[in-house]
Amino acid sequence: MTETTDRSADPVAVAAPFRYTAQLADRLETRWQDRWEAEHTFEAPNPAGPLADPGKVAERPKVYVLDMFPYPSGTGLHVGHPLGYIATDVVGRYKRMTGHNVLHALGYDSFGLPAEQYAVQTGQHPRVTTDANVANMRRQLRRIGLAHDPRRSIATTDVEFYRWTQWIFLQVFNSWYDHEAGRARPIAELVAAFETGARPTPGGRAWADLTDRERREAVDAQRLAYLSEAPVNWCPGLGTVLANEEVSADGRSDIGNFPVFKRSMRQWMMRITTYADRLIDDLDRLDWPESIKIMQRNWIGRSEGAQVEFAVAGADPARSLSVFTTRPDTLFGATFMVVAPEHALLSGALPAAWPDGTNPRWTAGAADPAEAVASYRAQAAGKTDLERQSERDKTGVFTGLFAVNPATGSAVPVFAADYVLMGYGTGAIMAVPGQDERDWAFAEAYDLPVVRTVQPVDGFVDAGGKAFTGDGPAINSGFLDGLAVVEAKATMTQWLVDRGTGVGTITYKLRDWLFSRQRYWGEPFPIVYDETGLPIALPESMLPVELPELADFSPTALAPDDELSQPIPPLGRVTEWVDVELDLGDGPRPYRRELNVMPQWAGSCWYELRYLDPTNTEAFVDPEVERYWMGPKSPGDVGGVDLYVGGVEHAVLHLLYSRFWHKVLFDLGHVSSEEPFRRLYNQGYIQAFAYTDERGQHVPAEEVTEDPREPGRYLWQGQVVEREYGKMGKSLKNSVTPDDMCRDYGADTLRVYEMSMGPLDVSRPWETRAVIGSFRFLQRAWRCVVDEASGRALVVDEPADEATRRIVARTVDGVARDMEGMRFNTAVAKLIELTNALTKLPVVPREAAEPLVLMLAPLAPHAAEELWSILGHDSTLAYAPFPVADPALLVDELVTCVVQVSGKVKARLEVAPTIGADELETLALADPSVVTSLDGRGVAKVVVRAPKLVNIVPAP
RNA sequence: GCCCCCGUGGCGGAACUGGUCAGACGCGCCGGACUCAAAAUCCGGUGACCGAGAGGUCAUGUGGGUUCGAAUCCCACCGGGGGUACCA
């Protein structure tokens with residue numbers, strides 16, 4: 001320490017110039033951050049390529065630690081943001097000190113709606129706001145002292161990054177899913193199979209007989225990226241379509257909370273559904289929180305059952321009705337059918353008149369079925385999804401048609417009703433009111449018969465039970481009678497297969513991924529259209545397709561409730577970019593570029609791979625580098641990042657999409673790992689109290705004080721305000737910035753506090769006033785080592801006493817375990833205990849001070865580096881070995897044995913840890929207080945858990 | 001409605017696979033030292049109730065159960081959080 005600046009302005013510094021104050025912390029933290037950068041301390045060597053340093057790689061096992069990278073927010077960070085980053089930094093630093101080659105980097109998810117919405121709101125070009133926001137976040141994060149490899153900090157908006165995003169899109173576009181092989185294959189192999197006849201063409205005609213266009217269509221229909229005219233989520237407020245995963249349950253956009261409408265549009269899709277089974281099955285091979293796995297399983301929504309064909313009576317045989325059911329065993333109880341209002345059956349001819357004896361309730365007062373159905377369809381079409389979902393009452397109308405139940409041979413009426421959704425299964429169901437609650441409700445409303453096909457458990461009907469969905473023996477079901485549900489399902493499915501009227505099948509809730517957006521701030525597609533309007537992939541040599549500069553980048557402005565206008569992507573305004581002449585192998589021809597851009601998720605689907613090899617210009621990642629950092633560790637291992645930390649909010653978005661892309665890349669042989677993230681850890685949120693005045697407006701939380709006379713009452717500018725609790729952020733006016741904490745206490749204090757608040761995976765409330773505790777801890781640790789007057793080390797080289805050596809060993813052992821288990825809160829507690837113990841010593845021996853400093857290093861790296869240097873070490877402690885406890889010191893000479901009588905502690909014995917059970921029992925029974933407690937009663941039983949516990953059960 | 005997670009002092013939280021009178025560590029609070037004073041720092045105390053005291057009784061959302069022994073395992077209920085929702 002050589003600083004002398006401004007000490008006179010700081011009265012404390014005059015008294016103790018080397019006291020650990022916020023100012024001192026600030027100075028030493030900045031100095032160490034500069035030094036780490038100058039000395040390339042945290043640059044991780046690769047096994048090959050430009051970042052290679054093979055000698056260093058060979059020495060150390062690798063660890064890849066990853067954070068979910070942030071999008072560059074305009075408001076900067078609050079203290080909740082770096083929680084996960086600090087945790088991974090602690091892990092990374094600990095791993096370096098235990099001899100690992102640690103890859104840890106942080107980039108920016110800078111394309112997409114969040115970044116673009118911010119630009120639109122501030123009226124600045126997204127390039128400008130994105131760059132400014134990234135710069136600000138880099139500054140804030142650097143201040144926290146994160147040990148990232150700066151060479152690997154990519155942004156998804158970098159041209160050299162998104163050229164590879166486009167390249168991966170081409171891989172997806174140029175591949176198809178071979179269901180027999182269970183994997184994706186290059187599209188050229190599909191063409192070859194068509195040519196040789198190994199695979200039949202869709203129409204069954206010979207490949208040679210097809211026109212060019214027919215061939216194109218046959219191939220395009222198999223691509224994993226394809227154009228499709230389908231109902232999509234149209235969000236006029238954002239001027240774009242959205243993926244299912246980006247729309248909330250109440251039909252609004254996750255971003256901006258605008259209404260979303262279903263609307264048929266031609267869009268790019270990704271065939272994620274072909275991976276549904278693998279996406280579910282491989283969850284079992286991942287070290288992820290069970291809750292996230294459950295959410296992905298539910299989202300994919302795999303359900304096994306049967307598809308059953310019902311002949312429509314009186315109609316031509318082609319008009320059969322196909323339904324999906326998970327309960328083929330209940331077929332004998334299918335007493336009516338229901339189709340969705342949008343079902344194709346309703347577009348065909350309907351009977352001219354109501355059949356004789358039609359129940360008047362079925363007709364909705366219409367003169368004939370056509371009128372009834374038309375009016376019901378119009379009514380259903382006029383409802384939003386939200387309205388449709390909020391109405392639980394069953395409505396519907398008879399179509400005049402009857403279908404033949406293949407099991408009973410009887411004709412059952414077919415209804416149109418909006419409780420059946422077009423988007424799931426076949427859009428039609430066989431209704432079994434006896435075994436399905438919704439069908440029961442419909443049957444009740446429309447006087448339809450109920451046939452129970454599973455014997456309800458005793459008392460179910462008497463207790464008012466209606467549809468019985470549980471297990472039981474089949475009844476009223478002919479050849480199924482007596483079988484339990486599982487066997488009945490299998491038997492019925494086989495029966496249907498034998499008769500050719502059904503087949504066992506699996507359906508999914510998961511839909512293909514809508515991949516295009518009518519926005520500006522995203523990756524352009526490497527796609528052009530020829531004069532006939534067919535999409536053509538650009539060759540790799542034409543990458544990157546750069547996003548053109550555009551002064552007016554706003555999406556087409558539409559009212560949030562405008563369901564009808566066509567979106568015009570902003571790129572459509574750059575005519576000189578859109579209309580191009582290219583030579584794609586058959587001479588220069590005019591083409592028109594794809595105007596849509598990719599969604600926000602494109603870059604985050606593979607960024608973890610680019611960290612590995614960020615400067616590679618030949619490939620998105622060198623296979624050897626990928627194998628080193630992410631390859632399987634053993635046969636059967638899925639490979640991937642060793643530790644991925646982030647919030648739960650991406651459970652079915654980023655975490656599903658990136659698994660899908662990664663599997664495509666694996667299938668095509670571009671990566672050796674089957675999964676991107678072997679281990680996932682969800683950190684909790686930092687929450688904070690927020691306050692509202694009597695109008696319900698949020699007031700700045702930092703200005704609110706608790707009424708000293710009345711705890712639980714909160715005051716802001718003299719008025720009483722209501723307290724609430726929520727996620728920290730701008731809208732609740734309860735943000736606390738890391739900058740303020742660094743200024744008031746220093747980055748190390750912030751880090752220690754965030755790690756000590758509680759278990760990492762649990763949300764917890766921020767309390768600025770509690771930060772002081774972490775500061776005091778660092779101050780005490782500092783004082784153990786440094787003379788506050790001279791700044792010199794205070795430690796002595798004499799051996800420590802036995803007790804000190806034991807507590808050091810115990811702390812080392814416990815902290816190492818806590819680090820491995822990511823229990824940073826208890827690690828901090830143990831370090832505080834050690835520090836408090838050392839504080840009581842007249843002078844701290846070096847053999848206690850050095851382990852303390854080293855253990856502190858992952859949590860409070862700047863202070864630790866400074867103390868390490870004061871202790872006389874020249875180089876950084878980033879790679880100094882983490883202390884190892886002497887096992888001999890972990891075994892106490894005497895342990896306390898508790899003696900209980902009937903489970904109540906009556907005595908304590910100091911015994912050797914190696915004491916035998918018999919000896920301990922004898923000792924316990926002889927103890928005077930035990931004898932008193934037994935009070936002459938005999939002993940019924942003695943439980944001995946040597947050396948810690950003896951429990952004596954007296955005779956009654 | 002269904003699925004998942006969680007209920008421990010005034011507060012955040014400890015308690016390894018059921019086993020040392022549960023409450024580590026920190027905040028806050030109370031008392032003391034230093035100071036003209038305050039801040040900062042340091043030392044001590046702090047689950048509730050009864051008792052002058054040693055000590056005793058009650059305590060891990062509520063009620064049952066399993067066990068020699070339960071915050072920990074099982075059942076039911078109450079409360080909170082998250083996911084999902086007419087998915088056949």
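Atoms considered below: every heavy atom in the structure, side chains included; atoms not considered: hydrogens, waters and symmetry mates.
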Length of the CE-P vector between A/Met755 and B/rG26, whole Å: 18 Å

It should be established whether A/Ser303 places a side-chain nitrogen or oxygen under 4.0 Å from OP1 or OP2 of nucleotide B/rA88. yes

When the C1' atoms of B/rC2 and B/rA70 are considered, how many whole Å apart are they? 31 Å

With a 3.5 angstrom cut-off on both distances, give the Watson-Crick or G-U wobble partner of B/rA48, or none if there isn't one. B/rU57

When you measure from the side chain of A/Val943, which nucleotide among B/rC68, B/rC27, B/rC4 comes out closest? B/rC68

Does B/rG80 adopt a syn or an anti glycosidic conformation, taking syn as a chi angle within 90° of 0? anti

Measure up the A/Trp782 and A/Tyr20 rings against each other and bin them: parallel (under 30°), tilted (30 to 60°), perpendicular (over 60°). tilted

Between B/rG81 and B/rC27, how far is it from one P atom to the other, in whole Å? 30 Å

Minimum-distance nucleotide to A/Tyr424 side chain [options: B/rA88, B/rG28, B/rG12]: B/rA88

Between B/rC86 atom C1' and A/Gln435 atom CD, what is the distance in whole Å? 18 Å

Atom-pair distance (OH on A/Tyr753; C1' on B/rG28), nearest Å: 12 Å

Looking only at the side chains, is there a donor atom on one of A/Asn825 and A/Ser756 sitting less than 3.5 Å from an acceptor on the other? no

Walking RNA chain B from its 5' end, the first of A/Asp439 and A/Pro759 to be reached, judged by nearest nucleotide, is A/Pro759

Within the 4.0 Å heavy-atom criterion, would you say A/Asn298 contacts the bases, only the backbone, or no part of the nucleic acid? nothing

Report the nucleotide, chosen from B/rC86, B/rG19, B/rC42, that has the shortest atom-to-atom distance to any side-chain atom of A/Asp418. B/rC86

Both distances below 3.5 Å, Watson-Crick or wobble geometry, any strand: find the nucleotide opposite B/rG63. B/rC75

Quick check on B/rC42: is either OP1 or OP2 less than 4.0 Å from any side-chain nitrogen or oxygen of A/Arg780? yes

Of the candidates B/rC3, B/rC43, B/rA88, the side chain of A/Ile294 sits closest to B/rC3

By nearest-nucleotide position on RNA chain B, the 5'-leaning member of A/Val652 and A/Ile952 is A/Ile952

For B/rU20 versus B/rG61, give the span between their C1' atoms, rounded off to a whole number of Å. 27 Å

State which of B/rC86, B/rC68, B/rC4 makes the closest approach to the side chain of A/Ser291. B/rC4

Residues, nucleotides or ligands: over 12 heavy atoms within 6.0 Å of A/Glu444 CD: yes

When rounded to the nearest Å, what value does the distance between C1' atoms of B/rA59 and B/rA48 take? 7 Å

Looking for any heavy atom pair under 4.0 Å, which part of the strands does A/Ala829 touch: base, sugar-phosphate only, or nothing? base

Roughly, in whole Å, what's the span from CG in A/Asn244 to P in B/rA85? 10 Å

Measure CZ/A/Phe777 against P/B/rC42 and give the value in whole Å, please. 13 Å

Please say which of A/Thr330, A/Asp329, A/Thr453, A/Thr469 ends up in a side-chain hydrogen bond (donor to acceptor under 3.5 Å, both in side chains) with A/Gln435. A/Thr453

Can you tell me if A/Tyr508 and A/Asp277 form a side-chain donor-acceptor pair at under 3.5 Å? yes

Mind checking who B/rC2 pairs with, Watson-Crick or G-U wobble, both distances under 3.5 Å? B/rG83

Taking atom P of B/rA88 as reference, at what distance in whole Å does atom CZ of A/Phe310 sit? 17 Å

Side chain of A/Thr826 only, please: which of B/rU20, B/rC27, B/rA15 is the nearest? B/rA15

What's A/Ile832 touching, base or sugar-phosphate or nothing? Going by heavy atoms closer than 4.0 Å. sugar-phosphate

For atom P, what is the distance between B/rG9 and B/rU72, given to the nearest Å? 15 Å

So, A/Arg297 and A/Asp284, do they make that salt bridge, N to O below 4.0 Å? yes

Closest approach to the side chain of A/Leu421, judged atom by atom: which nucleotide of B/rA88, B/rA14, B/rC68 is it? B/rA88

With both distances under 3.5 angstrom, what nucleotide forms a Watson-Crick or G-U wobble pair with B/rC42? B/rG32

So that I know where these two stand, are A/Tyr753 and A/Trp766 an aromatic pair - ring centroids less than 6.0 Å apart? yes

What interatomic distance, in whole Å, is found between C1' of B/rC11 and the corresponding atom of B/rC21? 25 Å

CD1 on A/Ile807 to OG1 on A/Thr811, rounded to 0.5 Å: 5.0 Å

At 4.0 Å (heavy atoms only), tell me whether A/Glu437 reaches a base, stays on the sugar-phosphate, or touches nothing. nothing

What's A/Arg297 touching, base or sugar-phosphate or nothing? Going by heavy atoms closer than 4.0 Å. nothing

Which of B/rU84, B/rG26, B/rG13 is nearest the side chain of A/Val762? It is B/rG13

Please give, in whole Å, the distance from B/rA85 P to A/Leu510 CG? 13 Å

In terms of the angle between their ring planes, are A/Phe442 and A/Tyr419 parallel, tilted or perpendicular, with boundaries placed at 30° and 60°? tilted

Do the side-chain N or O atoms of A/Asn836 get closer than 4.0 angstrom to the phosphate oxygens (OP1, OP2) of B/rG26? yes

Could you check which of B/rU84, B/rC27, B/rG19 has an atom nearest any side-chain atom of A/Ile772? B/rC27

Tell which nucleotide pairs with B/rU20, taking only Watson-Crick or G-U wobble pairs whose two distances are both under 3.5 angstrom. none

On the side chain of A/Lys830, is there an atom forming a donor-acceptor pair with the base of B/rC25 - under 3.5 Å, no angle test? no

How far does the C1' atom of B/rG13 sit from the matching atom of B/rU8, given to the nearest Å? 9 Å

What nucleic acid atoms does A/Ser763 come within less than 4.0 Å of, heavy atoms only: base, sugar-phosphate, or nothing? sugar-phosphate

With a 3.5 angstrom cut-off on both distances, give the Watson-Crick or G-U wobble partner of B/rA15, or none if there isn't one. none

So what does A/Val953 hit on the nucleic acid, given a heavy-atom distance under 4.0 Å: a base, only sugar-phosphate, or nothing? sugar-phosphate

Say whether A/Tyr376 and A/Thr395, considering side chains only, have a donor N or O and an acceptor N or O under 3.5 Å apart. yes

Any idea which of B/rG13, B/rU41, B/rC68 is nearest the A/Asn825 side chain? B/rG13

Please determine if a side-chain N or O atom of A/Arg776 lies less than 4.0 Å away from the OP1 or OP2 oxygen of B/rC27. yes

Given B/rG19, is OP1 or OP2 found less than 4.0 Å from the side-chain N or O atoms of A/Lys948? no

Separation between the P atoms of B/rC49 and B/rC42, rounded to whole Å: 30 Å

Spacing between A/Asp761 atom CG and B/rG81 atom P, to the nearest angstrom: 19 Å

